[in-house]
Novice: 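Take this structure first; my questions come after.
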Amino acid sequence: MVKNHRTIFHVDLDAFFASSEERENPHFKGKPIVVGANPLNGKGRGVVSTANYEARKYGIHSAMPISKAWRLCPKAIFLPVNSSLYERISYAVMKILANVSEKYNGKFEQAGIDEAYIDLSNANNFHNHTYYPREIAEEIKTAIREREKIIASVGVGPNMLIAKIASDFQKPDGLTIVSPQKTQAFLDPLDIRKIPGIGPKTEIIFRKLKINTVFDLRQLDQPYLYDLLGEHGISLYESARGKDKREIAKFHETKSVSNDYTFPNDTDDLSIILPEFFPIVRRVIALFESQGFRNFKTITVRVRFSDFKTHTKSKSAGYSVTDIETIERDALRLLWHFVPHSKIIGKTPSRRKKIRLIGFRISNFS
Ligand code: TTP
Ligand code: MG
């Protein structure tokens, strides 16, 4: 029998960074936790990485300025980002998921630090036993909770798109299964922002047109959407109908690794910039290496100026983690495009803008 529909699972950990901190510090339980930049009594300038569900009750969410989070809930527990802890937990969780996938003859793809897809379309054929998605979803949630003390939400659907929307649907501690027959009824009432691919910019365009739900979106035909948004419009036409042809990639490919830093005050002072810059470069390389990689092709330096304009410069060459000196030298050359040279040779400060944030990324792994 040829199956028309696949059975795809999407697993996403709840408030991941904050849950990891709770796990390590059980006395935080029940309290609002915000992980991100230092709030500096409301004067901090970075952003929130994530907040636990207790803190979300105050309106705090990812990417919000940390100063705003502080105003919303000054009594919250504010914690810095402890990447190595989250990487360790992520690794352990992904191992559990890869094992489940293998046990049921599936395909596994890590999609982010706290999320993964498993294609279990063939699980029913395994050992001639019929496995129900709910059993396997419960098995996954229980294994992660018992072994890693973290709560995961699971979504099951006929493709990656529906599985991803489903895992978010009843967060936290969610389990949502959407059958192929119920897919359209599930999607129609959802807000357009629930569709991955509709971000803040596309949202504004649709709201102006009074397109608020997936049902509304479905009333627009392809030529109209193409005129409005180009190719992206066509892909949203498919998404609104619950269609998604993507296949689970058997081997996860990390596409890039990056890190950045927001200065406490905007600066053009190299004696402040450089001591932050090199540790960022080294952190990125260490993270890449910890994932078992050695070689990559491209480095990118990102600078955000005080007016929030953000610029990047990239260089491609054959880089290896064993040659950190070359990486640092090339990274510095890229940074050079953005810093006021006059400061180096002692002339008057240039008319260049001050820097708010610096970042470094590596990509094109080989
Ligand atoms: P998400 O899965 O998007 O968010 P979450 O796990 O905190 O919350 P939930 O899934 O329950 O809605 O992201 C996973 C982690 O990635 C998150 O814990 C922190 C990090 N992250 C950032 O650092 N900045 C961001 O803007 C986002 C969205 C996430
Ligand atoms: Mg998550």
Side-chain angles (χ1 to χ4, degrees), residues 9-25 28 32-39 44-66 68-69 76-94 96-97 109-117 140-141 144-145 148-155 160 163-176 190-191 193-201 203 252 254-262 280 283-284 287 302 304 310 357 359 361:
F9 287 59
H10 182 256
V11 182
D12 189 298
L13 306 178
D14 295 339
F16 177 46
F17 291 5
S19 309
S20 305
E21 299 292 348
E22 274 179 56
R23 171 186 114 157
E24 299 300 295
N25 305 279
F28 287 170
I33 299 173
V34 180
V35 179
N38 189 335
R45 290 152 39 91
V47 294
V48 172
S49 292
T50 197
N52 68 353
Y53 281 79
E54 209 48 47
R56 290 184 199 188
K57 290 182 191 157
Y58 296 83
I60 299 171
H61 57 77
S62 292
M64 168 183 281
I66 199 79
K68 183 163 181 199
I77 298 166
F78 285 85
L79 299 168
V81 176
N82 180 358
S83 306
S84 58
L85 170 66
Y86 317 141
E87 275 147 29
R88 191 151 43 82
I89 298 175
S90 168
Y91 184 81
V93 168
M94 293 305 155
I96 292 172
L97 295 177
E109 177 186 345
Q110 183 176 351
I113 190 160
D114 80 331
E115 56 171 317
Y117 293 93
I140 289 170
K141 284 167 65 80
I144 296 174
R145 189 180 63 239
E148 292 304 319
K149 311 279 179 266
I150 296 277
I151 305 298
S153 290
V154 177
M160 292 169 84
K164 167 112 180 163
I165 298 173
S167 75
D168 185 59
F169 189 64
Q170 299 189 70
K171 254 179 186 290
D173 201 10
L175 200 185
T176 303
L190 295 183
D191 188 272
R193 275 303 294 274
K194 295 288 175 188
I195 301 279
I198 301 188
K201 286 181 194 152
E203 177 186 9
H252 170 60
T254 313
K255 286 164 191 88
S256 70
V257 179
S258 65
N259 193 243
D260 53 42
Y261 177 78
T262 306
I280 291 174
R283 262 201 300 281
V284 168
L287 182 54
R302 192 159 72 100
R304 179 171 298 148
T310 308
L357 168 147
R361 181 175 71 224

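FYI, side chains are in, hydrogens and waters are out, and symmetry mates aren't considered; it's all heavy atoms of this structure. We count ligands from 1, going down the list as the structure has it; atoms in each ligand are counted the same way.
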Novice: Under a 4.0 Å N-O cut-off, is there an ion pair linking K57 with E54?
Specialist: yes
Novice: Answer with side chain, backbone, both or neither: which part of R56 has a heavy atom less than 4.0 angstrom from an atom of ligand 1?
Specialist: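 For R56, the contact with ligand 1 is made by the side chain alone.
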Novice: For the Mg ion (ligand 2), what is the number of protein N, O or S atoms at a distance under 2.8 Å?
Specialist: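 Step by step: take the Mg ion (ligand 2), keep protein N, O, S below 2.8 Å, and you get 3.
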Novice: Which residue holds the protein heavy atom closest to atom 1 (P) of ligand 1, what is that atom called, and what is the gap in Å?
Specialist: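 So the nearest neighbour among protein heavy atoms is D114 OD2, 4.0 Å.
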Novice: Against heavy atoms of Y53, which atoms of ligand 1 measure under 4.0 Å?
Specialist: 9 (P), 11 (O), 12 (O)
Novice: For atom 17 (C) of ligand 1, which candidate among D12, T50, V35, V47 provides the closest heavy atom?
Specialist: T50
Novice: On the six-membered ring of Y91, is R88 placed so that its NZ or CZ lies under 6.0 angstrom from the centre and within 45° of the ring axis?
Specialist: no
Novice: Pick whichever of S153, G112, S62 has a heavy atom sitting closest to atom 27 (C) of ligand 1.
Specialist: S62
Novice: Counting non-hydrogen protein atoms only, what is the nearest one to atom 23 (O) of ligand 1? Give residue, atom name and distance.
Specialist: S49 CB, 3.4 Å
Novice: Heavy atoms only, cut-off 4.0 Å: how does D168 contact ligand 1, side chain, backbone, both, or neither?
Specialist: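 The answer is neither; D168 stays 4.0 Å or more away.
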Novice: Out of curiosity, F78 CZ to I66 CD1, how far, rounded to the nearest 0.5 Å?
Specialist: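 Rounded to the nearest 0.5 Å, the CZ-CD1 separation comes out at 5.5 Å.
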Novice: Examine V48 against ligand 1 and note whether any of their N/O atoms are separated by less than 3.5 Å.
Specialist: no
Novice: Taking salt bridge (charged side-chain N to carboxylate O under 4.0 Å, His left out) as the test, write out the residues that go with R283, two or more places apart.
Specialist: none
Novice: Relative to the ring of H10, is the ring of Y117 parallel (under 30°), tilted (30 to 60°) or perpendicular (over 60°)?
Specialist: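 Plane angle between 30° and 60°, so tilted.
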Novice: Quick check on contacts: which atoms of ligand 1 are under 4.0 angstrom from a heavy atom of K171?
Specialist: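 This gives 9 (P), 10 (O), 11 (O), 12 (O) as the contact atoms.
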Novice: Nearest 0.5 Å, what's the CD1-CZ distance between I89 and F17?
Specialist: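 Nearest 0.5 Å value for the CD1-CZ distance: 10.5 Å.
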Novice: List the steps and the verdict of side-chain hydrogen bond (donor to acceptor under 3.5 Å, both in side chains) for R304 and T310.
Specialist: CA-CA 4 Å; R304 179 171 298 148; T310 308; 3.0 Å; yes
Novice: When you look for heavy atoms under 4.0 Å from ligand 1, do you find them on the side chain of Y86, its backbone, both, or neither?
Specialist: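 Neither part.
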Novice: Quick test of your reading of the model: are E115 and K164 salt-bridged, counting only N-O distances below 4.0 Å?
Specialist: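 Result for this pair is yes, salt bridge flagged.
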Novice: Counting only heavy atoms closer than 4.0 Å, does ligand 1 sit against the backbone of E115, its side chain, both, or neither?
Specialist: neither
Novice: Looking at D173 and K141, is any side-chain nitrogen of the basic one under 4.0 Å from a carboxylate oxygen of the acidic one?
Specialist: yes
Novice: Any donor-acceptor pair under 3.5 Å linking the side-chain atoms of E21 with those of Y86?
Specialist: yes
Novice: Can you tell me if A15 contacts ligand 1 (heavy atom of the residue under 4.0 Å from the ligand)?
Specialist: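 So A15 counts as touching ligand 1.
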Novice: Would you say I151 and P172 make side-chain contact, with heavy atoms under 4.5 Å?
Specialist: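 No; the side chains remain at least 4.5 Å from each other.
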Novice: Test your reading of the structure: does F16 have an N or O sitting under 3.5 Å from an N or O of ligand 1?
Specialist: yes
Novice: About how many Å separate CD1 of I165 and CG of L190, when rounded to the nearest 0.5 Å?
Specialist: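 It comes to 6.5 Å.
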Novice: Quick check: does any side chain N or O of Q110 sit under 3.5 Å from a backbone N or O of A116, one acting as donor and the other as acceptor?
Specialist: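 No; judged by distance alone, with no hydrogens or angles, the pair does not exist.
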Novice: What do you think, any protein heavy atom under 4.0 angstrom from atom 3 (O) of ligand 1?
Specialist: no
Novice: Atom 15 (C) of ligand 1: which protein heavy atom is closest, and how many Å away?
Specialist: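 Here the closest protein heavy atom is F17 CE1, 3.8 Å.
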